[in-house]
There are 2 protein chains.
Amino acid sequence: MSNTSVQSVDRAIAILEILAREGATRVTDLAVQLDVHKSTAFRLLAALEQGGLVEQSGDRGRYRLGFGVVRLAGAATAQLDLSKESRPVCLRLAEAVGETVNIAVPQDGDAVNISQVRGPAAISGHNWVGQRTPSHATSSGKVLLAFGALRLPAEPARYTPSTLTEAGRLRLAEIRERGWATTVEELEVGLNAVAAPIRGSDGSVVAAVSVSGPSYRLTPERLPEVGALLAEGAREISQRIGYYR
Amino acid sequence: MSNTSVQSVDRAIAILEILAREGATRVTDLAVQLDVHKSTAFRLLAALEQGGLVEQSGDRGRYRLGFGVVRLAGAATAQLDLSKESRPVCLRLAEAVGETVNIAVPQDGDAVNISQVRGPAAISGHNWVGQRTPSHATSSGKVLLAFGALRLPAEPARYTPSTLTEAGRLRLAEIRERGWATTVEELEVGLNAVAAPIRGSDGSVVAAVSVSGPSYRLTPERLPEVGALLAEGAREISQRIGYYR
DNA sequence: CGGACGTGTTGCTCATAGCGCAACAGACTA
DNA sequence: TAGTCTGTTGCGCTATGAGCAACACGTCCG
């Protein structure tokens, strides 16, 4: 991070910092503090205003931080907390089960994996981080569907002969009651998975923690035992990010 | 707000929005979504990273929103909240005391008034909004000095024969213990005032609420009773903006 | 294990976007 | 009403931002 920057963006950020420190400020005062011409300050403010990061305060000509930064912070806080707080639990689960553990969040109708801990037995395996996965064909997706964090697509795609493409066969009520969901070769042949719901501070399901591995190791017989472990881990992560039941 | 913008700032803000929506994202994915070259996306990210608004997530090459946006939002929330949340309390105090109520925040060594409610007895009086007032000669300023939100100037100016220009005579420790500060004709002949501290969510004093009026109405004998009312009002405002003791 | 592939990062060059100047419009005050 | 101050806009110039291409590094697969 040497000189790889963009001067106008640096200046825009400096404006945000000044407004954070000083509160509502005039264009010309900002220009003085930035050591730029007032028309430059004005145009940077206009760009920031268009993006919602600043707004004009009640007094004419005064600008202050806008609600856009509060929105961004809300997203940042959610993302920072979940990855960080789930890490120790995922490490433990990966060790206990011996397979790969992922955290997935709902996004645009899919389950998106945001972090991963490889199991000790994983020689190579798939890197799921950042990958979108279909809700109906993954255990995380099924959890998010069952607890209302995601909606089932109108026409669920088929990935393997085992993929369930009808809503009734997903057994979402049973997942809700049991507290964990499974997939048995529904996304990829030879891949099984279990997932459990993570709740946020308002009690709604905001993510899922899952274990996935090859069918020959993560057999259908193992799934209930692993499901119970995952549900316990999910409860702990939920509490770590502010859920009190 | 027509075309008065700055393209690179627009792009930087678009990056922040994408990261808020998608979470940790790759440089090349951002470049695709922005329809710019990846080196452009990279440099915009580098600028945002230098400003603390984004950071690299644990996975190499992925960027996410950083703690800087949380800091900015904290400042934005405090500023938006203070004027709004203090309003009902100020209205009530002005009615109860019969004099003019102001909110002042610390800024560049002065106490700056950010809002005002006129008392029922105020025929004309001074409009203090937006006005900087010297810390040592106003009740709000003395509160902000006493609780560490402002520093006393090296050579405090004299405004009236009653102005206290020596640090020892301000009795800041007594103000801290008592919970309110007074001025008796120290800024203007014929003007008295009382102020109490407003605390933010981290417990530090971020503002002061004051009552001011003519000496013949707001007499020194009335000041303790008004001080207690103000301290109560300040406590309520503090709680409204997130202070929990 | 080595090669292929993909992605982040850096250096260079060019042209256009950003910047500063100057003028205009509006608000306020003596 | 004239002067002053500040926000906003138009114009022209050049420095900065953008894109190309190469390099460095990590991952994956045969």
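Throughout, protein chains are lettered first and strands after them, A, B, ... in sequence-line order, and every chain is numbered starting at 1. FYI, side chains are in, hydrogens and waters are out, and symmetry mates aren't considered; it's all heavy atoms of this structure.
When distances run from any side-chain atom of S8(A) to the nucleotides dT9(D), dC28(D), dG17(D), the shortest one goes to dG17(D). Looking at the side chain of V27(A), the nearest of the listed nucleotides dT8(D), dC20(D), dT9(C) is dT8(D). Nearest to the side-chain atoms of F42(A) among the listed nucleotides dT9(D), dT9(C), dG19(D) stands dT9(D).
Distance, R11(B) CZ to dG18(C) P: 8 Å, rounded to whole Å. One can place NZ of K38(A) at 12 Å from C1' of dT4(D), the figure rounded to the nearest angstrom. The interatomic distance linking I15(B) (CD1) with dA18(D) (C1') rounds to 13 Å, in whole Å. Rounded to whole angstrom, the span from the CG atom of D29(B) across to the P atom of dG6(C) amounts to 14 Å. Rounded to an integer number of Å, the gap from NE2 of H37(B) to P of dG8(C) is 12 Å. In this entry the distance linking CZ of R26(B) with P of dC25(D) reads 19 Å, nearest Å. Rounded to whole Å, the distance from CZ on R118(A) to C1' on dG26(D) is 12 Å. If you take CD of Q7(A) and C1' of dG18(C), they are 9 Å apart, rounded to a whole angstrom.
Counting distance only, with no hydrogens placed and no angle test, the side-chain atoms of R43(B) and the base atoms of dG8(C) include no donor-acceptor pair under 3.5 Å.
T100(A) places no side-chain N or O within 3.5 Å of a backbone atom of S212(A) that could act as its donor or acceptor partner. Within the 3.5 Å criterion, the main-chain N or O of G190(A) finds a donor-acceptor partner in the side chain of S215(A). Looking only at distances, no side-chain donor or acceptor of H136(B) sits under 3.5 Å from a matching main-chain atom of T163(B).
For R62(B) and dT7(C), the shortest distance from a side-chain N or O to OP1 or OP2 is not below 4.0 Å. Between Y63(A) and dT6(D), a side-chain N or O to OP1/OP2 separation shorter than 4.0 Å is absent.
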Derivation of the side-chain hydrogen bond (donor to acceptor under 3.5 Å, both in side chains) call for S139(A) and S210(A): CA-CA 7 Å; S139(A) 57; S210(A) 65; 4.7 Å; no
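Using a 4.0 Å heavy-atom distance criterion, S39(A) is classed as a base contact.
Salt bridge R240(A)/E236(A): present, at least one basic N to carboxylate O contact under 4.0 Å.
Taking the nucleotide of DNA chain D with the nearest heavy atom to each of D35(B) and T25(A), the more 5' of the two is matched to T25(A).
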